[in-house]
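Since the structure comes first, as structure tokens, the remarks are kept for the end.
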Number of protein chains: 2
Amino acid sequence: MVTQSHQDGFCCADHSGSANVAAILDSAESRARAQGARLTPVRRRTLEILLQSHGALGAYEILDRLNAEGFGSQPPVAYRALNFLVEHGLAHRIRRLNAFTACAHPGHDHRAAFLICETCNSVTEADAVAVSAALGQAAQVAGFQITRATIEAVGQCRACQVTSA
Amino acid sequence: MVTQSHQDGFCCADHSGSANVAAILDSAESRARAQGARLTPVRRRTLEILLQSHGALGAYEILDRLNAEGFGSQPPVAYRALNFLVEHGLAHRIRRLNAFTACAHPGHDHRAAFLICETCNSVTEADAVAVSAALGQAAQVAGFQITRATIEAVGQCRACQVTSA
DNA sequence: TTATCTAATGTTATACCATAACAGTAAAGG
DNA sequence: CCTTTACTGTTATGGTATAACATTAGATAA
Ligand SMILES: [Zn+2]
Ligand SMILES: [Zn+2]
Ligand SMILES: [Zn+2]
Ligand SMILES: [Zn+2]
């Protein structure tokens, strides 16, 4: 399981309130429709679960919650919803944690890096435009053409540094 | 399984020859001893397998080869050897592939990014000093202190771009 | 509307990745 | 030597992910 204690104001300043969650869901739905995609009940609920959770959740953890609410009980139910969200820029996959997190800036074309606190397990989405540019440079030296990248850092979030200082 | 066809001169310029492999193994052994670590037969052979392979190998793939040569047959045999190599800077874990690759610059303290070709499955280790610096900057904005990072890009290697052009 | 087509959901089954726990063995140090 | 520690091997289990197929719901068009 991917657990974490919540360091308030750290990991989720922009999607913590329930009003915000509803607004994000609605605008996600509009954007999805605009691209000819459907934010169906399982998908919408999956996104909502991610938005309400502080940090990243594993697929099976999400599956449990979905199933408890009457959705299917088997892994593909969760994986399909999660893959949909990732493909539509509504969530990100955190490879180091084998987990998923809601996108902090849905609808914006962006490069993200993820900052994973090994003390409180929070996951912060940081802007990675500069990182991405540097990576593109490094790839170019090797003649490599990048399609997409995974940038994840492990360490300590601000709150946890203070605590252990 | 993690397969890949070999694009000569691309992924493994510096550890392709068998003479080089032997030399790398020996110097790895010296360095290990110097730190009070032992490059035992399984570990040495595991590193050799990684060095000879072009690209990344999964733990079970390595396990098969080790077992075929008289080493143990169970997963921990491979995982322990691989973890040793990673901890001693002789190999890297490629998270996107759930696989491992020999370090291209063992013994040098370095930041690496991995360029994964989705056509030929080759994995190239690129210098990521600048990328790392940019990531450190991005983290600093969030007050995050990085311990270690995973930087992996997926796309097309030089050889495969030419092929498909 | 109703027939048809397509996308989405749900299931079973299976494959793949990784580690805990413990027993036996080999190496290092007194 | 004998003790201690590190390493190897095993069994057993847990966690992650997808293939394949049946069913249902939505969209499309006659
Ligand atoms: Zn995002
Ligand atoms: Zn923290
Ligand atoms: Zn390296
Ligand atoms: Zn290639």
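First the proteins, then the strands, lettered A, B, ... as listed; each starts at 1.
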Task: Set of ring pair (Phe, Tyr, Trp, His ring centres under 6.0 Å) partners for B/His92, sequence neighbours left out - done: B/His110, B/Phe114
TODO: Round to a whole Å and report the spacing from CZ of A/Arg33 to C1' of D/dA27.
DONE: 11 Å
Open item on the list: Rounded to whole Å, please give me the gap between CD in B/Glu61 and C1' in C/dC17.
Closed with: 13 Å
Task: Nearest-angstrom distance from the residue atom CZ of A/Phe71 to C1' of C/dA8 - done: 13 Å
TODO: Could you tell me whether A/Glu29 and A/Arg44 make a salt bridge, using a distance below 4.0 angstrom between a side-chain N and a carboxylate O?
DONE: yes
TODO: Classify the angle between the aromatic ring planes of A/His108 and A/His105 as parallel (below 30°), tilted (30 to 60°) or perpendicular (above 60°).
DONE: tilted
Task: Side-chain N,O (B/Ser73) to OP1/OP2 (D/dG9) below 4.0 Å - done: no
Task: Between C/dC16 (C1') and B/Arg96 (CZ): distance, integer Å - done: 18 Å
Task: Whole-Å gap separating P (D/dT10) and CG (B/Leu66) - done: 12 Å
TODO: For A/Tyr79, enumerate each residue passing the ring pair (Phe, Tyr, Trp, His ring centres under 6.0 Å) test, keeping only those at least two apart in sequence or located in another chain.
DONE: none
Open item on the list: Check this one for me: any side-chain N or O of B/Asn98 less than 4.0 Å away from OP1 or OP2 of C/dA18?
Closed with: yes
Open item on the list: Main chain of A/Asn98, side chain of A/Arg93: is a donor-acceptor contact present, judged purely on distance under 3.5 Å?
Closed with: no
Open item on the list: Mind checking if A/Arg95 touches a base, just sugar-phosphate, or nothing, with heavy atoms under 4.0 Å?
Closed with: nothing
Got a list of protein N/O to nucleotides 20-27 of chain C N/O distances below 3.5 Å?
none

- [ ] Give one of base, sugar-phosphate or nothing for A/Arg44, where a contact means two heavy atoms less than 4.0 Å apart.
- [x] nothing
TODO: Compare side-chain N and O positions of A/Arg45 against OP1 and OP2 of C/dT9 and report whether any pair is under 4.0 Å apart.
DONE: no
Task: Verdict with supporting geometry, A/Thr150 and B/Arg96, side-chain hydrogen bond (donor to acceptor under 3.5 Å, both in side chains) - done: CA-CA 8 Å; A/Thr150 298; B/Arg96 185 175 280 264; 2.6 Å; yes
- [ ] Taking only the side-chain nitrogens and oxygens of B/Tyr79, find out if one of them lies under 4.0 Å from OP1 or OP2 of C/dT19.
- [x] no
TODO: Hey, which sits more toward the 5' end of DNA chain C by its nearest nucleotide, A/Pro41 or A/Pro75?
DONE: A/Pro41
Task: Touch class at under 4.0 angstrom, heavy-atom based, for B/Tyr60 against every strand present - done: base
Open item on the list: For B/Gln74 and B/Arg43, find the nucleotide of DNA chain D closest to each by heavy atoms; which residue's nucleotide sits nearer the 5' end?
Closed with: B/Arg43
Task: Test applied, side chain to side chain contact (heavy atoms under 4.5 Å, CB included); reference residue, B/Phe100; option that passes from B/Leu47, B/Val86, B/Leu57 - done: B/Val86
Task: Nucleotide C/dA18, atom P - distance to CG of B/Leu82 in whole Å - done: 10 Å
- [ ] Could you tell me whether the phosphate oxygens of D/dA6, OP1 or OP2, come under 4.0 Å of any side-chain nitrogen or oxygen in B/Thr40?
- [x] no
Task: Protein-nucleotide distance (B/Ile62, atom CD1; C/dC17, atom C1'), rounded to Å - done: 13 Å
Task: A/Arg148/B/Glu118 salt bridge by N-O under 4.0 Å criterion - done: yes
TODO: Calculate the interatomic distance between A/Leu63 atom CG and D/dG15 atom C1'; express it in whole Å.
DONE: 13 Å
